[in-house]
Amino acid sequence: EETLIKERIQELWKDKAKTALAIFTCESGLNPLAISKTGDIGATQINLQAHWNEIPGITRQEKIIWLQNWENNLNFAFMLYERRNWQIWVCWYKI
């Protein structure tokens with residue numbers, strides 16, 4: 001699964017894949033099931049509260065399950081990256 005995640009990061013971020021990999025490794029260790037104490041979900045640590053209305057699902061649990069699917073999580077993260085670059089990820093400031 002980690003190999004598939006890395007391959008998808010390469011496909012999405014292309015020449016920025018090395019940066020994406022460093023950020024998401026810092027954020028979650030690339031763990032698709034990761035949930036932080038601040039409500040960040042999945043391999044890319046999407047904040048549930050901040051993006052509540054954009055995440056598919058009705059209940060909190062449905063949204064968490066959707067974000068824990070690594071493909072959904074990476075695609076959603078890429079959409080956010082295209083909007084706001086790296087600024088929403090804490091690890092961007094650490095690498």
Asks: Please lay out, stage by stage, how Leu74 and Thr44 fare under the test side chain to side chain contact (heavy atoms under 4.5 Å, CB included).
Replies: CA-CA 7 Å; Leu74 289 174; Thr44 67; 3.5 Å; yes
Asks: Which donor-acceptor pairs under 3.5 Å do side chains of residues 24-36 form with protein atoms, sequence neighbours excluded?
Replies:
unit_1	atom_1	unit_2	atom_2	d
Thr25	OG1	Leu21	O	2.7
Glu27	OE2	Val90	N	3.2
Glu27	OE2	Cys91	N	3.0
Ser28	OG	Phe24	O	3.3
Ser28	OG	Leu30	N	2.9
Ser28	OG	Asn31	N	3.3
Ser28	OG	Ala43	O	2.6
Asn31	OD1	Leu33	N	2.8
Ser36	OG	Thr38	N	3.2
Ser36	OG	Thr38	OG1	3.0
Ser36	OG	Gly39	N	3.4
Ser36	OG	Asp40	N	3.0
Ser36	OG	Asp40	OD2	3.1

Asks: Salt bridge check, Lys16 against Glu82: does any charged N sit closer than 4.0 Å to a carboxylate O?
Replies: no
Asks: Do Ile88 and Tyr93 sit in the same hydrophobic cluster, where Ile, Leu, Val, Met, Phe, Trp and Tyr count as joined when their side-chain heavy atoms come under 4.5 Å apart?
Replies: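 As far as the 4.5 Å side-chain criterion goes, Tyr93 and Ile88 are connected within one cluster.
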Asks: Which heavy atom of Ala17 sits nearest to which heavy atom of Gln10, and what is that distance?
Replies: CB-OE1, 3.4 Å
Asks: What are the two closest non-hydrogen atoms of Arg8 and Glu11, and how far apart are they?
Replies: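 Distance-wise, the nearest heavy atoms are NH1-OE1, 2.9 Å.
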Asks: Is the CD atom of Gln49 crowded by more than 12 outside heavy atoms at less than 6.0 Å?
Replies: no
Asks: For the pair Thr59 and Lys63, evaluate side chain to side chain contact (heavy atoms under 4.5 Å, CB included) and give the outcome as yes or no after the intermediate values.
Replies: CA-CA 6 Å; Thr59 68; Lys63 291 175 185 285; over 6 Å; no
Asks: Enumerate the residue pairs fulfilling ring pair (Phe, Tyr, Trp, His ring centres under 6.0 Å) with a member in residues 38-65, sequence neighbours excluded, ordered by first and then second residue.
Replies: His51-Phe76
Asks: How many angstroms lie between CG in Asn72 and CD1 in Ile46, if you round to the nearest 0.5 Å?
Replies: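 Between atom CG of Asn72 and atom CD1 of Ile46 there are 11.0 Å.
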Asks: Side-chain heavy atoms nearer than 4.5 Å, only ILVMFWY residues, links allowed to pass through others: does that put Ile5 and Met79 together?
Replies: yes
Asks: I need the minimum non-hydrogen distance between Glu1 and Trp70, along with the two atoms involved.
Replies: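 The answer is OE2-CD1, 3.7 Å.
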Asks: If you apply the rule side chain to side chain contact (heavy atoms under 4.5 Å, CB included), what do you find for Glu7 with Leu4, and how did you get there?
Replies: CA-CA 5 Å; Glu7 287 173 359; Leu4 295 173; 3.8 Å; yes
Asks: Quick one: side chain to side chain contact (heavy atoms under 4.5 Å, CB included) partners of Asn85, sequence neighbours excluded?
Replies: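 Scan of Asn85 (side chain to side chain contact (heavy atoms under 4.5 Å, CB included), adjacent residues dropped) gives Tyr81.
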Asks: Could you measure the distance from the CG atom of Asn69 to the CG atom of Asn75? Nearest 0.5 Å is fine.
Replies: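 Rounded to the nearest 0.5 Å, the CG-CG separation comes out at 9.0 Å.
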